[in-house]
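Note sheet for the following structure.
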Amino acid sequence: MEHSHPLLSREYRLNTPALLAVIQNACFKVLMRKTGVVYTGEPRVGKTVCCEALLEEIPKRFPNVYVLMIPATNKDASSPRYSSIVHQLIEQEGILPKARTTFIQRQSMLVERLKIRAEARNAKQIVLLIDELSRLSIVDFTQLADIYNKLRAEKITMTVISFAMPSIQKVVEEFLRNDDRHIIGRFLSDIRPLQGVTTLGQLNQVLKLYDDCANESLLGHSFTRNVLPQAYAAGFRLASTAPDIWREMSRVAAGKYVNNLPMEHVAQVVAYLLVILGGDDSDTLIVPQDLVEEAVRESNFREFCKNVTDLRA
Amino acid sequence: MEIYYPECGPMPYESIYSIYIKLSHSNFVCLPDLARQFGGGVPDEDRSHWLITRKIERGLENNLLDLTAHLPWTHAPANALISPMATFTFCIECVKFGYHSAFNSINLHRVCPMHKRSLSVACDSCRRRFFKGFTNAHIPSVSERCDKCGFQEIGLRREIRMRRSLGLEAALDYFGRAQADWYRKIYELEGAESGYSGLYYKSDLARTELTGAGERLFEMLSPESLAGVRQFSPPFMVAGRFRTFVHERIYRCDSDFDLGDYLRLHSQVEILSRVKNRFLAKHSQCYEDGCLIAGYPDGQSRTIPLCPLALAFILLCIKASNHVWPMPGSDFVLLSDFNRRKSPKPLTNWTYREAVLVFLTILARLEYHMSKGQNFAILCRPDVVYFPNERGATLLQMTTYNFRSQCRTPLRKNLLTRNDSGGAFVALCATESYQTRENSKLRELIV
């Protein structure tokens, strides 16, 4: 398999049941002009992929909605003048204000740019996708509320769809202590869990996506057929290995990942299997149990669970 | 720095100035910084007042789409453009959706074909504010309609909203394309063939006279016609200006001007005599009457039926011997700015061919002015250009037969008069009574 193969470069997106559920739910929130929803999930379950999928899917379903995504980073959260969310958005928009430009002016520039972007799409709604919401400080949420209010004054609604670690609950508690309930009401009142692969049935569905769904722009046909053409023609399907993979990954799973397999590691196991099996493609291809064990071991899932759980402890 | 422009891009044939100012607003960058961004902060010598230097133009081309249609200097020569920094003309309807046409910067372009109305000139305050570009004080930069000049800035957001108007971009493209084609044709006149292009941009009279003829020649509509302004559009012909004498009655056409042209005829008197024999054979009485009125007034005002041919010839004779006519001392001199003019040029030594061309041009101008149906005074001045170029073809308007023969038509009431103090000829074409003393705003035809 070539180094640039989409399976290895991870340029593909699988419409897993979890991802479809997020898209459906988020689109409903957009439709209902909700102010905010937060999806929380453990590391590597696929939050960023969901965020990127929304960036792609929402404009398809709602052409008159302007969608922008920002991966939040926390820089200098101690100073309200240099609130990171406004500056990140300004930077992302390519606006370069002069050094002496006041914060209010910077905020006005940002709001004006957002309004122009929205107007270009004839949009009365802006969807802001924030990845890693938990990195934002309290000041950032206040600034988000200000932006929301400024847009609202121009009859533009803003829906903030965020993805965060479950620790976002601590931020909510802090807001409650500071009596910043208006921010909770706007952005943090609807917190929904985002799970990985929780059942054998779901894993079976995910593996079926490798067998059946074709990404025309990448390969023209499914991954299994592309890597194992002879076996695929003879009736081999990757989904048939779902019980073995589920059993092995569940065996090594620990902490929050019991019955919650991260998509990152599932994808790594599948990639490993296809890379190894690709050299033995034949009509009578079988996947031995020890190869599955080796694939799970190579994905480093056991150490991952252990370290993440230890760190959290 | 990544330059942002709204996804919809500039409007068709929108002026580069408008685009540049919008770039300043949409990127929240003041004009000097934006110019530095493109590496063109220092104006070029030939573009010292144009705002857009060559480096800026190249920078814009790299960041936006093809800018050719948006550059005024692609539609007209540089010396035909007026700097919007000095005089900012705009259509009061176009600015309602944030549009400023690339053609508005062309000298003597005074109409908006799309809205069928004349262009307005921005007041100093609006012009300065507009060309200041982005400032931190105004985010977004939106202004109310100026009570003085009618200019307003609507802001990018409202502009984008207005552009959803059905068919707006198609209409802008249609009228822009038509004007671009027209000005390209006019631009092409500049060069080896003639110098009419220069006149077209410099003289209102030349523009008026060339417009109708150009429409027929190019088979297209001028901006004025697109705007619904009625054009004076007589028939025209293209005459080779110089013909070299080969031998009797045989001339070589389209050749360079050479000594043969001078040798062909000897004196202005002989040339004028030949012109008279050719054009006034059947108007000898008209000519004699004209000579009477053109002579010393002798304290009496005179009025005769107007014969265009005789009048044109008399004017030709006057031009051959006088730079300025009527001479100072008569009250009609006050109609023109004689005192402010430079000293007269030497008398022109016309060839026969040139004399005919001047005669026919005067005749065509008479017809144009008479077609307006208003009285006008006729003044001779030396700075009227009849030959825009030393070489090449001459575009000549042909007068109608009805006009030339109106002295023999009983229904025609046009008269030619001159007051008792040696003033200018006054052609009486209007239906209302003429009172020289009271009518101080008489139109002028300067030949």
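Here is the naming used below: chain letters follow the sequence lines, and residue numbers restart at 1 for every chain.
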Quick one: of A:K115, A:E119, A:K98, who has the most non-hydrogen atom pairs under 4.5 Å with chain B? A:E119

Check whether NZ of the Lys or CZ of the Arg A:R113 lies under 6.0 Å from the centre of the six-membered ring of B:Y4 and within 45 degrees of that ring's axis. yes

Examine the side chains of B:N104 and B:T89 and answer whether a donor and an acceptor come within less than 3.5 Å of each other. no

Judged by modelled atom types alone, do A:Q105 and A:T102 share a side-chain donor-acceptor pair under 3.5 Å? yes

Assert top hit (heavy-atom pairs under 4.5 Å, partner chain B, pool A:E112, A:E93, A:M109) equals A:M109

Max heavy-atom pairs within cutoff under 4.5 Å with chain A, candidates B:E7, B:R157, B:R163, goes to B:R157

By number, which residues in residues 151-161 of chain A have some heavy atom less than 4.5 Å away from chain B? A:E154, A:I156

Mind listing the closest non-hydrogen atom pair of A:G185 and A:T35 along with its distance? O-OG1, 4.0 Å

Excluding sequence neighbours, so at least two apart, what forms side-chain contact (heavy atoms from CB on, under 4.5 Å) with B:K148? B:C123, B:C146

Quick one: are the ring centres of B:F88 and B:F151 less than 6.0 Å apart? yes

How about A:Q143 and A:Q107: does a side-chain donor come under 3.5 Å of a side-chain acceptor? yes

With only heavy atoms counted, which part of B:R158 is less than 4.5 Å from chain A, the side chain, the backbone, both or neither? neither

Between B:L226 and B:K116, the two heavy atoms sitting closest are O-NZ, 2.6 Å

